[in-house]
**Q** 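Sending over a structure as structure tokens; questions will come in a sec.
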Amino acid sequence: MPIKYAIFPNNLTSNPNDKVAVVQRPNTIDTEGLIDEMSFSGEVTKTQALGVLNEWKRTIMKKLSQGYNVHTDLIKYSLSISGPFENDEDHFIEGRNQVNINCSPNKKLKKVTNEIETQKVKGKRPSPSISKIVDTSSKKENESITEGMVAEIKGHLLKFNMEDEQQGVFFVEPDGTEHRCSSFIRNLPSTLICYIPKGITAETVKTIIRIKLNKEQSLREHISSIVLKVIKAE
């Protein structure tokens with residue numbers, strides 16, 4: 001099964017012609033899936049595979065906790081310390097300094113890359129999306145918003161530059177009139193908490209989120225299919 005990739009502009013360089021390949025929706029297998037794969041042939045039972053795997057993980061974690069670097073056939077685990085030290089007499093301080101576990105592929109695992117097939121596909125640009133809108137005044141979800149009160153918006157890639165008036169959350173009346181939220185309590189990638197603007201005249205609105213990613217000048221937009229009833233503040 002090939003890995004699918006798409007070509008996108010490379011925003012990390014100053015050359016506008018630079019491109020980068022991004023793997024698209026790779027398949028994932030978890031521990032349970034690996035155990036099922038091991039026991040599929042019938043030569044090892046699921047219980048046996050689970051027992052060996054649990055003991056393998058326990059032993060690796062034990063040796064790392066004892067300060068060992070651990071080299072397996074596939075992965076090298078090594079330890080390092082991060083955080084500043086003020087002088088030669090300084091010592092490790094919890095909170096300022098941290099022990100890190102580093103992982104890198106061994107030669108045997110690196111050889112797998114020579115066997116992986118690739119397939120170029122047309123990629124979709126990462127865009128914001130809204131999954132849920134909660135009217136905190138009425139406690140209703142995906143049903144209503146209350147003017148002047150707080151709404152919580154859940155989704156993906158929601159964080160934006162609040163100083164850029166092109167970006168943000170907009171409530172749109174059926175005739176196209178937009179009302180931009182100007183006051184936010186929280187502005188995070190998965191959660192926006194904002195005050196609903198006053199002056200909405202329509203009975204219902206839809207929600208639009210517009211953002212700019214990295215150094216891009218173009219807007220990325222998501223128009224939610226959720227129709228919200230507008231409740232006038234008392």
Side-chain angles (χ1 to χ4, degrees), residues 4-26 28 95 98 121-234:
K4 298 179 180 180
Y5 70 95
I7 304 298
F8 293 96
N10 187 351
N11 296 316
L12 298 179
T13 69
S14 57
N15 187 344
N17 296 318
D18 278 356
K19 306 294 181 181
V20 63
V22 178
V23 175
Q24 302 290 292
R25 297 186 178 274
T28 301
Q98 182 176 346
V121 297
K122 186 176 181 179
K124 293 182 178 180
R125 296 197 317 163
S127 297
S129 62
I130 294 172
S131 59
K132 182 170 64 174
I133 302 173
V134 180
D135 182 1
T136 60
S137 178
S138 64
K139 308 299 182 183
K140 291 183 178 180
E141 180 179 316
N142 295 342
E143 289 186 24
S144 65
I145 53 172
T146 302
E147 276 194 340
M149 304 303 286
V150 173
E152 181 180 32
I153 301 173
K154 290 285 190 178
H156 173 67
L157 285 180
L158 300 179
K159 188 174 181 179
F160 66 95
N161 181 359
M162 290 190 290
E163 296 180 0
D164 183 354
E165 293 190 357
Q166 290 183 306
Q167 301 183 56
V169 175
F170 301 80
F171 292 103
V172 186
E173 298 183 21
D175 66 359
T177 302
E178 296 186 355
H179 302 266
R180 182 177 183 265
C181 292
S182 58
S183 182
F184 283 80
I185 299 172
R186 186 167 297 171
N187 180 14
L188 298 174
S190 61
T191 305
L192 298 175
I193 300 179
C194 60
Y195 285 94
I196 306 302
K198 295 182 179 181
I200 300 175
T201 58
E203 294 182 357
T204 61
V205 292
K206 285 190 175 182
T207 310
I208 295 179
I209 174 75
R210 297 188 181 110
I211 68 167
K212 291 179 182 178
L213 287 179
N214 302 320
K215 299 179 181 180
E216 289 186 351
Q217 295 303 311
S218 60
L219 288 166
R220 302 196 183 193
E221 177 183 272
H222 170 72
I223 303 175
S224 174
S225 61
I226 303 168
V227 177
L228 299 170
K229 180 181 178 181
V230 180
I231 301 174
K232 298 294 182 179
E234 296 180 359

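Sequential numbering from 1 along the given sequence is applied to the chain's residues. What you see is a predicted model, and the numbers here were worked out from it, not measured in a lab.
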**Q** Let me confirm one number: the OG1-CD1 distance from Thr146 to Ile231, rounded to the nearest 0.5 Å.
**A** 4.0 Å
**Q** Measuring from Phe171:CZ to Cys181:SG, what's the distance to the nearest 0.5 Å?
**A** 4.5 Å
**Q** Donor-acceptor pairs are to be reported for all side-chain atoms of residues 150-163 against protein atoms at under 3.5 Å, with residues two or more places apart or in another chain.
**A**
| residue | atom | partner | partner atom | Å |
| --- | --- | --- | --- | --- |
| Lys154 | NZ | Thr191 | OG1 | 2.9 |
| Asn161 | OD1 | Glu163 | N | 3.0 |

**Q** Which pair of non-hydrogen atoms, one from Asn142 and one from Ser131, has the smallest distance, and what is that distance?
**A** ND2-O, 3.9 Å
**Q** Would you find a donor on one side and an acceptor on the other, under 3.5 Å apart, between the side chain of His222 and the backbone of Ser127?
**A** no
**Q** To the nearest 0.5 angstrom, please state how far the CZ atom of Arg220 sits from the CG atom of Leu213.
**A** 4.5 Å
**Q** Give a yes or no answer on whether the side chain of Arg180 reaches the backbone of Gln167 with a donor-acceptor pair at less than 3.5 Å.
**A** yes
**Q** Looking at every non-hydrogen atom in both residues, tell me the closest pair between Glu173 and Ile200 and how far apart they are.
**A** OE2-CA, 3.7 Å
**Q** Any chance you could lay out the side-chain contact (heavy atoms from CB on, under 4.5 Å) test for Thr207 and Ile226, step after step, and finish with the verdict?
**A** CA-CA 7 Å; Thr207 310; Ile226 303 168; over 6 Å; no
**Q** Can you check side-chain contact (heavy atoms from CB on, under 4.5 Å) on Asn10 and Lys19, steps first, answer last?
**A** CA-CA 5 Å; Asn10 187 351; Lys19 306 294 181 181; 5.8 Å; no
**Q** Find out whether Ile130 and Ile209 are in side-chain contact, i.e. whether some heavy atom of one side chain is under 4.5 Å from a heavy atom of the other.
**A** yes
**Q** With side-chain contact (heavy atoms from CB on, under 4.5 Å) as the criterion, how do Tyr5 and Val121 come out once you've worked through the C-alpha distance, each side chain's angles and the decisive distance to 0.1 Å?
**A** CA-CA 6 Å; Tyr5 70 95; Val121 297; over 6 Å; no
**Q** With a cut-off of 6.0 Å (strictly less than), are more than 12 heavy atoms of other residues, nucleotides or ligands near NZ of Lys4?
**A** no
**Q** For a quick test of reading the model, state the closest non-hydrogen atom pair linking Tyr195 to Gly148 and the distance between them.
**A** CD2-O, 3.7 Å
**Q** Taking the side chain as every heavy atom from C-beta outward, state whether Lys229 and Glu143 have any atom pair closer than 4.5 Å.
**A** no
**Q** Is the backbone of Gly176 close enough, under 3.5 Å, to the side chain of Glu178 for a donor and an acceptor to pair up by distance?
**A** no
**Q** Side chains of Ser137 and Asp135: donor-acceptor distance under 3.5 Å anywhere?
**A** no
**Q** To the nearest 0.5 Å, what is the distance between CD1 (Ile208) and CD1 (Ile223)?
**A** 4.5 Å
**Q** Can you tell me if CD on Glu203 sees more than 12 non-hydrogen neighbours from other groups inside 6.0 Å?
**A** no
**Q** Output the distance between atom NZ (Lys139) and atom OG (Ser144), rounded to the nearest 0.5 Å.
**A** 12.0 Å
**Q** Look at Glu147 together with Lys232 and state whether they make a salt bridge at an N to O cut-off of under 4.0 Å.
**A** yes
**Q** With side-chain contact (heavy atoms from CB on, under 4.5 Å) as the test, would you mind laying out the steps for Val230 and Thr204 before giving the verdict?
**A** CA-CA 5 Å; Val230 180; Thr204 61; 5.7 Å; no
**Q** Just wondering, do Leu192 and Val169 contact through their side chains at under 4.5 Å, heavy atoms?
**A** yes
**Q** Looking at CD1 of Ile185 and SG of Cys194, how far apart are the two atoms once the value is rounded to the nearest 0.5 Å?
**A** 8.5 Å
